[in-house]
Structures are given as structure tokens and as C-alpha cells.
Amino acid sequence: MIFDYETLKLIWWLFVGVLLIGFAITDGFDLGIGTLLPFLGKNDSERRVIINSIGPTWDGNQVWFITAGGAVFAAWPVVYAAAFSGFYIALLLVLFALFFRPVGFDYRSKIEDPRWRNSWDWALFAGGSVPALIFGVAFGNLLQGVPFQYDDVLRPTYTGSFFALLNPFALLAGVVSLSMLVAHGAVYLQLRTEGVIYQRAKGAVKIFSVILMVSFALAGIWIAAGIDGFRILNMPPANATPQIMAKEVIIEAGAWLGNYSAYPWQLIAPILGFGGALGALLLSHKDKPGLAFIASSLMLSGVILTAGFAMFPFIMPSSSDPVSSLTIWDATSSHLTLQLMFWAVLIFLPIVLAYTSWVYRVMAGKVTEQQVEQDKHSVY
């Protein structure tokens with residue numbers, strides 16, 4: 001099976017989207033539970049239950065994040081380079097925050113000192129909340145355009161600053177990201193715990209699902225009324241060799257809504273975002289955490305696809321020089337590279353999914369304080 005270049009470019013946009021959604025669904029609840037840890041666990045035993053609810057699988061879930069980063073590097077190397085230039089400090093913050101997770105999980109319970117354990121609990125909080133917030137801030141800046149441009153020999157120059165990334169709309173997008181992952185994590189915590197922790201997680205689902213719906217709606221209104229989008233007027237054929245500067249791009253009000261007007265079926269994405277959040281809230285309240293988890297997974301998929309559909313075919317728009325904007329048509333690797341990676345994904349992704357499903361089936365069940373106390377030297 002050999003696809004033409006244009007089709008492969010579209011397929012890899014879909015693959016990267018699937019990887020981002022896979023990361024949000026799996027490692028997303030790890031980040032959410034880490035954020036909730038100091039608040040839902042009122043004593044050491046309760047916090048150990050919360051930690052061990054994700055203990056067997058958190059490191060495997062993080063592979064989705066690594067794979068998504070690797071896929072961006074392989075499929076869109078120009079985007080990878082420009083993003084690390086523009087978001088360097090933000091990405092370092094994510095990396096440093098993620099360092100707290102393996103160390104926190106492994107060393108938190110090694111010493112029976114309340115100060116030691118409390119410090120690592122807050123470190124795990126940072127390891128969950130900081131990445132969740134920054135991922136949303138990054139998407140918020142992408143929707144506004146990133147201040148970078150290429151010179152005559154295609155050297156990228158970033159003209160912004162780290163603090164400029166923390167603008168009001170980007171922070172709102174960060175609230176969307178943080179609230180949806182915390183809500184998702186709270187649903188998973190219901191699925192894995194019982195008693196008082198279950199009830200507190202149930203309350204967290206209610207709070208953060210509402211925050212998500214409100215912030216998601218506000219972000220949509222802001223994009224429609226106050227955020228100018230990007231639109232391509234003309235560019236070389238999609239099957240041609242990528243040429244970043246050989247297109248014409250304009251910035252205009254309402255451009256990010258253009259795809260929804262042209263392809264109304266894409267409205268399924270925001271509907272899934274709101275519907276999934278409402279479904280998770282109601283199913284959680286009715287003590288059906290399994291169905292609530294499916295609903296929250298649909299919520300995550302809908303929110304991510306909403307941004308993806310709005311921006312298509314842009315990956316990293318440039319506010320400094322719209323022509324420098326990177327799209328799926330002109331920022332990709334070669335035809336041969338995309339084809340070889342396609343076969344690798346086709347072979348290995350089903351194996352990964354099958355193994356992941358098996359792991360979750362084996363590790364299913366409730367985590368209780370009695371289990372943690374009984375195995376306190378072999379669990380986190």
C-alpha cells in the first residue's frame with residue numbers, strides 16, 4: 001500500500017492527533033490525580049491509596065507523551081525546531097515538573113517522616129498541575145499565532161518572550177486544559193477507590209467538569225469575537241516538495257471558524273467536549289464511574305479536536321510573518337520518511353494497544369487502605 005504525498009501528510013496529521021488524544025486519556029488522568037493528591041488525601045494512608053491507584057501504570061502512560069514528541073520530530077521536523085525555539089522555557093518547565101513524578105513515586109514512602117512525605121506530595125502536585133496548565137497555554141498561543149519568522153535562508157527567529165506567552169487568552173486555555181485533566185483524573189479515581197476518597201473524587205468531578213464547560217465556552221466566544229485567525233489564500237500543490245515561504249496567508253477575524261462553516265460535521269468536536277463533560281458529571285453523580293470514564297475520554301477528545309479542526313491545516317501559525325506559518329502541507333518530512341513511519345505505526349500501534357489493554361485488565365480493581373497497609377513495603 002503506497003499513498004501519495006498529499007494523503008500521507010493528512011494521515012500524519014491524524015496520527016499525531018490520535019497520539020495527543022491517547023496521551024490525554026491515559027497520562028491525563030495521572031496528571032489530574034497528581035494535581036488532586038494534596039487535597040483529596042487528608043492523611044498519609046489516603047494519599048498512598050491515591051498514589052497507588054495510578055502506581056502500576058503511570059510510567060507506561062507517559063510513553064504516549066514521548067511517542068507524540070517523537071512523532072512530531074519525525075513527521076514535522078520544522079515544527080519541532082520552531083517550537084523548541086519559541087517555547088523553550090515553557091518546555092523546560094514541563095520537563096522539570098515531570099522530573100518530580102518518578103522521584104516522587106519511588107522515594108515518597110521510603111522515609112516515615114510527615115515532612116518528607118508532605119514535601120513529595122506537593123512535588124507530585126507540581127508534576128501534575130504544571131504540565132497540564134502549560135499544555136493548554138501552548139495551545140492558546142498557537143491559536144493566537146506565535147511570534148517567529150524565517151529569513152531568506154530559512155533560519156527561524158523567535159521574537160517573543162516567556163512572559164508574553166502568559167497572556168489572558170492563553171491562561172484561559174490553560175484553565176481549560178487543567179480542569180479537563182483534573183476532572184478526568186477524578187473520574188478515574190472513582191473507578192479505582194472506595195469510601196471517603198471515592199466521595200471526594202465525586203465532588204471533584206462535579207467542580208472541575210463545571211469549570212471546564214464554563215472556560216471552554218468562554219474560550220470559544222473569545223475566539224469567535226476577539227481572536228483573529230489565519231487563512232491560506234494560495235499555496236503550491238500539496239503533493240509538491242514542501243516550500244514554507246511559497247504561500248500566501250492572511251490574518252482575519254473569524255478565520256478559525258471557517259472550517260466549521262465549510263464542514264459542519266466538524267461541530268461534532270465541540271459537542272463531544274461539552275456533552276462528554278456533562279455526561280461525566282451526571283454519570284459520576286449516579287455512581288457509574290466506568291461510563292463516566294468513557295464520557296470524560298470523549299470530553300478530552302472533543303476539546304482537542306475542536307482546536308485541531310479550527311486550526312487545520314495550520315500547525316504553528318506565525319503572528320510576526322503569516323507567510324512563515326507552518327502547515328501540514330509545507331512542514332513535513334519527505335514522502336519516503338512518512339511512508340516508512342506509516343508502516344511502522346501500522347505494525348506496532350496495534351501491539352501497543354493490545355499490551356496496554358492487557359495491563360489495565362490485569363491491574364483492574366479497587367485500591368484500599370487495607371491493601372496499602374498490608375503491602376506497605378512493596379507499594380508506593
Side-chain angles (χ1 to χ4, degrees), residues 6 9-21 23-24 68-69 71-72 75-76 78-80 82-83 86-87 90 134-149 160 165 167 169-170 172-174 176-177 180 215-216 218-235 238 242 244 247-273 300-332:
E6 179 180 1
K9 291 175 180 180
L10 182 58
I11 287 173
W12 271 97
W13 180 82
L14 293 171
F15 275 165
V16 172
V18 168
L19 287 171
L20 289 176
I21 291 172
F23 163 68
V72 171
W76 303 330
V78 180
V79 174
Y80 190 88
F87 298 147
I134 290 180
F135 291 147
V137 169
F139 266 97
N141 279 281
L142 288 176
L143 286 163
Q144 296 175 92
V146 181
F148 76 99
Q149 61 189 53
L165 297 176
N167 57 78
F169 177 77
L172 176 61
V176 172
S177 175
M180 75 177 184
S215 59
F216 190 38
L218 289 175
I221 294 170
W222 199 333
I223 288 174
I227 301 292
D228 292 339
F230 292 71
R231 185 162 65 89
I232 297 175
L233 294 182
N234 58 71
M235 66 179 302
I244 294 174
K247 60 181 179 293
E248 185 179 355
V249 179
I250 62 170
I251 301 176
E252 64 180 8
W256 286 146
L257 303 180
N259 285 337
Y260 291 104
S261 298
Y263 308 101
W265 62 267
Q266 293 184 356
L267 289 170
I268 190 66
I271 291 173
L272 274 179
L300 295 177
S301 303
V303 171
I304 294 171
L305 287 173
T306 297
F309 286 159
M311 291 180 59
F312 184 88
F314 290 93
I315 306 170
M316 192 170 175
S318 169
S319 57
S320 299
D321 177 25
V323 174
S324 296
S325 298
L326 301 174
T327 74
I328 70 167
W329 310 123
D330 58 20
T332 56

Hey, do the aromatic rings of F23 and F135 have their centres closer than 6.0 Å?
->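 Yes - the distance between ring centres of F23 and F135 falls below the 6.0 Å cut-off.
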
Side chain to side chain, [X] and [Y], heavy atoms closer than 4.5 Å:
X    : Y    : value
I315 : V72  : no
I250 : P322 : no
W13  : W76  : yes
F148 : L326 : yes
S177 : F139 : no

To the nearest 0.5 angstrom, please state how far the [atom1] atom of [X] sits from the [atom2] atom of [Y].
X    : Y    : atom1 : atom2 : result
L300 : L305 : CG    : CG    : 10.5 Å
L172 : F216 : CG    : CZ    : 11.0 Å
Y260 : I268 : OH    : CD1   : 11.0 Å
F314 : I232 : CZ    : CD1   : 4.0 Å
I271 : Q266 : CD1   : CD    : 12.0 Å
S301 : L20  : OG    : CG    : 11.0 Å

Check whether any side-chain N or O of [X] sits under 3.5 Å from a backbone N or O of [Y] as a donor-acceptor pair, and report yes or no.
X    : Y    : answer
W256 : L143 : yes
N141 : L165 : yes
N259 : F312 : yes
K247 : L233 : no
K9   : I328 : no

Shortest non-hydrogen contact between [X] and [Y], atoms and distance:
X    : Y    : value
A255 : G229 : CB-C, 3.4 Å
F230 : Q144 : CE1-O, 4.0 Å
T306 : P270 : OG1-N, 3.1 Å
L19  : A71  : CD1-CB, 3.5 Å
V79  : M316 : O-SD, 4.2 Å
S325 : D330 : O-OD2, 4.0 Å

